[in-house]
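Note: hydrogens, waters and symmetry copies are ignored here, and every other heavy atom, side chains too, is used. In what follows, chains are A, B, ... by sequence order, proteins preceding strands, each numbered from 1. Since the structure is predicted, the reported quantities are computational estimates derived from the model, not experimental observations.
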There are 2 protein chains.
Amino acid sequence: MDNHLDGFFSALADPTRRAVIERLTTGPAPVSELHAPHDMALPSFMKHLGKLETAGLIRSEKVGRVRMVHIEAGPIAEAETWLKKQRRLWEGRLDRLSALAEHIEEESNNG
Amino acid sequence: MDNHLDGFFSALADPTRRAVIERLTTGPAPVSELHAPHDMALPSFMKHLGKLETAGLIRSEKVGRVRMVHIEAGPIAEAETWLKKQRRLWEGRLDRLSALAEHIEEESNNG
DNA sequence: ATAATACTTAGCCTTATGGATAACCATCTT
DNA sequence: AAGATGGTTATCCATAAGGCTAAGTATTAT
């Protein structure tokens with residue numbers, strides 16, 4: 001059960017990295033452009049990109065001296081699936097509980 | 001833009017804590033029961049519960065000497081929403097790209 | 001050939017994280 | 001009243017995370 005969810009969630013547990021993902025949904029970009037809006041030294045910023053890349057959330061390749069970065073599909077869907085599953089299980093339980101509550105109420109009305 | 005997503009994602013970035021959440025979808029439980037399957041000292045385990053609680057993912061109250069823990073609704077849905085949004089944006093972009101590609105292909109066939 | 005651009009690498013620092021032990025307090029049980 | 005149960009508090013420790021500066025390496029531009 002120790003999937004890539006670890007790296008995935010911890011990759012998104014940082015506002016800088018979430019901002020990068022949000023930016024990348026509008027299309028690929030070179031490192032320098034991604035870096036621009038963040039008030040932080042480039043090497044620090046590169047660490048964030050590194051984390052996103054090892055988590056599989058982005059991919060990048062270098063063309064000349066420029067490194068282009070683009071978003072990656074799979075992982076987001078995977079995490080979404082996990083969350084959805086938990087929510088469903090939990091909501092299902094609530095439903096059964098309220099059904100039970102109704103049942104008990106009926107019983108007490110009729111009996 | 002610095003919501004509760006930080007705490008939320010980092011709370012789920014650990015297998016122990018995700019396991020606790022999974023367990024809690026089947027219903028509330030006392031700390032000792034939650035702890036049992038995890039090969040880890042109680043105080044260490046309690047830190048995980050603490051993180052889940054400050055992230056708003058669980059809530060707990062003490063009855064006698066027992067502390068009962070249950071899962072909390074909102075945050076999961078919120079994170080799911082964020083992920084869904086990113087995925088939609090990104091898929092939307094792919095769609096536009098492939099539409100563009102088709103268009104170009106048509107052009108080159110007709111012209 | 002020089003200089004500017006766009007990263008890279010290396011090393012340092014501080015705080016957060018995930019784990020442990022030891023000792024403590026508050027309830028039940030017997 | 002003792003003892004067992006179920007947490008809690010206090011410390012401590014090692015490693016990871018997030019930030020920095022300084023210096024280095026390729027490419028491209030002049």
Side-chain angles (χ1 to χ4, degrees), chain A residues 1-24 27-71 75, chain B residues 1-24 27-71 75:
Chain A
M1 286 279 156
D2 202 347
N3 351 358
H4 356 234
L5 286 174
D6 261 50
F8 176 85
F9 282 120
S10 85
L12 290 187
D14 178 288
T16 301
R17 292 192 294 261
R18 284 198 306 278
V20 169
I21 291 297
E22 290 183 3
R23 163 62 187 79
L24 286 176
V31 167
S32 51
E33 187 185 323
L34 291 174
H35 172 227
H38 299 281
D39 186 18
M40 170 187 310
L42 219 213
S44 312
F45 184 75
M46 294 297 290
K47 280 199 199 171
H48 288 298
L49 292 186
K51 256 207 139 183
L52 287 170
E53 191 149 18
T54 59
L57 279 164
I58 64 174
R59 195 167 292 181
S60 73
E61 55 269 335
K62 204 162 180 179
V63 182
R65 61 185 168 178
V66 170
R67 176 172 294 278
M68 284 300 274
V69 183
H70 60 91
I71 204 170
Chain B
M1 285 278 156
D2 203 345
N3 351 0
H4 356 235
L5 286 173
D6 261 50
F8 177 85
F9 282 120
S10 85
L12 289 187
D14 178 288
T16 301
R17 292 192 294 260
R18 283 198 306 278
V20 169
I21 291 296
E22 290 183 4
R23 163 64 187 77
L24 287 176
V31 167
S32 51
E33 188 185 323
L34 291 175
H35 172 226
H38 299 281
D39 186 18
M40 171 187 307
L42 219 213
S44 311
F45 184 75
M46 295 295 291
K47 280 199 202 171
H48 287 298
L49 292 186
K51 254 207 141 184
L52 286 170
E53 191 149 18
T54 59
L57 279 164
I58 65 175
R59 196 167 292 182
S60 73
E61 56 268 337
K62 206 164 178 178
V63 182
R65 60 184 170 180
V66 170
R67 176 173 294 278
M68 285 298 275
V69 183
H70 59 92
I71 204 171

Can you check the B:R67 CZ to C:dC28 P distance for me, whole Å? 14 Å
In whole angstroms, how far is the C1' atom of D:dG18 from the NE2 atom of A:H35? 14 Å
Would you mind reading off the distance between A:F45 atom CZ and C:dT8 atom P, rounded to a whole angstrom? 12 Å
So does A:S32 reach the base of C:dA6 with its side chain, donor to acceptor, closer than 3.5 Å? no
Can you say whether a donor on the side chain of B:K62 sits under 3.5 Å from an acceptor on the base of D:dG7, or the other way round? no
Indicate yes or no: does B:R18 engage A:D6 in a salt bridge with an N to O separation below 4.0 Å. yes
Within a strict 4.5 Å, meaning less than it, do heavy atoms of the B:I58 and B:H70 side chains meet? no
Send over the distance from A:M46 CE to C:dA10 C1', rounded to a whole Å. 15 Å
Value in whole Å for how far the P atom of D:dG19 lies from CZ of A:R17: 8 Å
Which nucleotide in the list D:dG7, C:dG18, C:dC7 gets nearest to the side chain of B:P30? D:dG7
Ignoring the backbone of A:L42, work out which of D:dC20, C:dT8, C:dG19 is nearest its side chain. C:dT8
Selected nucleotide, minimal atom distance to A:R65 side chain, candidates C:dA4, D:dA4, D:dC20: C:dA4
Specify the separation, in whole Å, of atom CG of B:D6 and atom C1' of D:dG18. 13 Å
By nearest atom, which of the nucleotides D:dG7, D:dG18, D:dA10 is closest to the A:K51 side chain? D:dG18
Given D:dC20, D:dG7, C:dT21, identify the nucleotide with an atom nearest to the side chain of A:A41. D:dC20
Rounding to an integer number of Å, can you tell me how far A:M40 CE sits from D:dG18 P? 10 Å
Could you tell me the separation between the NE2 atom of B:H48 and the P atom of D:dG7, rounded to a whole number of Å? 17 Å
Mapping A:K47 and B:V66 onto DNA chain C by nearest heavy atom, which one lands closer to the 5' end? A:K47
I'd like to know if the side chain of A:R17 and the backbone of A:S10 have a donor-acceptor N/O pair within less than 3.5 Å. yes
5'-most contact on DNA chain D: B:P43 or A:P43, nearest heavy atom basis? B:P43
